[in-house]
Amino acid sequence: MVTVISLGGSIVAPNNVDIDFLKNFVSLIRSFIEEDNSRRFIFVVGGGGPARSYQNAYREISQGDNFKNDEADWIGIMATRLNAQLIKAVMGEWCVQDVVTNPGEVDPLTGHVLVAAGWKPGFSTDYDAVLLAERFGANLLINLSNIEKVYTADPKVDPKAVPIDKITWTDFRAMVGDEWVPGKNVPFDPVASRHAQKIGLKVISAAGKNLENLRNILNDKDFIGTMIYG
């Protein structure tokens, strides 16, 4: 059984590395592997605070016409690779393969955990996670970020925004659009959403810091979050 988790950089390193979260996250994953030796996990790690900080610096320094989306994406990708290398290291003996940087060229799983990072410009690590779910036959992807549920609009901007328990890909994509912009703040990458809908992948979007809720998701119990499907 392979479980793919898109691990948002905002929970791994919102500004600096969240050491307490990582300790507890590793402990939770280890407990599942020890209880069931057949379980396999794939973590695709985002860039978080370091990515935004460096991208903002590039945006401010380059000023207008000199700013290139591809360059901003590469900066974010490098941040994801740093975070992913940390996740691989803290997983210890459970993760024996190198960090994956190209989901199109990945070896079969040889350990209990595989860690992946950003690939190339044009999308976020969410898309990499969808490709890996497709590659390894997972029908569910867990998207952990700093939001508890998907809302009808940005609740920080629109006080009338309401949380959503379930939503189809068609309706979700109508909300987030089809265009990817480096650093874009959406619950799930538009490019990833398009491919997830194409292959019929279900995505659960949930708050990454709520590890008891993640335990419930992994145990197929009731959870707090949004299911995107169809």
Side-chain angles (χ1 to χ4, degrees), residues 1-51 54 76-119 124-146 203-221 223 225:
M1 178 181 178
V2 177
T3 301
V4 180
I5 298 179
S6 182
L7 193 57
S10 59
I11 57 175
V12 174
N15 291 301
N16 299 314
V17 175
D18 190 331
I19 294 173
D20 288 339
F21 164 74
L22 285 182
K23 285 181 178 178
N24 293 328
F25 178 77
V26 169
S27 177
L28 175 66
I29 297 303
R30 281 176 174 268
S31 71
F32 273 93
I33 295 170
E34 288 167 355
E35 289 168 9
D36 181 356
N37 193 55
S38 69
R39 292 202 78 139
R40 300 291 185 270
F41 291 91
I42 298 175
F43 305 134
V44 188
V45 190
Y54 276 73
I77 287 165
M78 293 307 168
T80 73
R81 294 180 180 182
L82 179 62
N83 287 341
Q85 197 66 43
L86 173 61
I87 298 295
K88 177 192 182 309
V90 298
M91 289 308 307
E93 73 275 14
W94 300 117
C95 182
V96 297
Q97 292 169 269
D98 291 338
V99 170
V100 172
T101 57
N102 181 348
E105 298 178 359
V106 55
D107 295 328
L109 295 178
T110 56
H112 287 85
V113 174
L114 181 69
V115 180
W119 178 19
S124 77
T125 49
D126 290 338
Y127 182 59
D128 302 322
V130 171
L131 293 179
L132 288 166
E134 182 180 27
R135 162 70 176 81
F136 289 101
N139 60 8
L140 172 67
L141 189 157
I142 304 170
N143 180 46
L144 300 180
S145 68
N146 58 359
V203 170
I204 291 175
S205 182
K209 294 292 180 74
N210 188 345
L211 292 178
E212 281 307 307
N213 191 53
L214 176 58
R215 185 189 300 276
N216 287 340
I217 295 172
L218 293 173
N219 281 325
D220 198 24
K221 294 182 178 180
F223 64 89

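All values derive from a computational prediction rather than experimental measurement.
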Does [Y] offer a backbone N or O that forms a donor-acceptor pair with the side chain of [X] under 3.5 Å?
X	Y	value
Asp36	Ser38	yes
Arg135	Pro103	no
Gln97	Pro108	yes
Asn83	Gly46	yes
His112	Asn37	yes
Arg40	Gly111	yes
Gln85	Val99	no
Arg81	Ala116	no

Are any of the side-chain nitrogens in Asp98 or Lys88 under 4.0 Å away from the carboxylate oxygens of its partner?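 Judged by the 4.0 Å cut-off on N to carboxylate O distance, Asp98 and Lys88 do not form a salt bridge.
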
Salt bridge or not between Arg30 and Glu93? Use side-chain N to carboxylate O under 4.0 Å.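 Salt bridge: yes.
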
Evaluate the side-chain proximity of Val4 to Phe136: yes if any heavy-atom separation is below 4.5 Å, no if none is.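 No, their side chains stay 4.5 Å or more apart.
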
Would you call Ile33 and Val113 a side-chain contact if the rule is heavy atoms closer than 4.5 Å?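 They are in side-chain contact.
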
Identified side-chain contact (heavy atoms from CB on, under 4.5 Å) partner of Val45 from the options Val115, Thr125, Thr80: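 Of Val115, Thr125, Thr80, side-chain contact (heavy atoms from CB on, under 4.5 Å) with Val45 is met by Val115 alone.
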
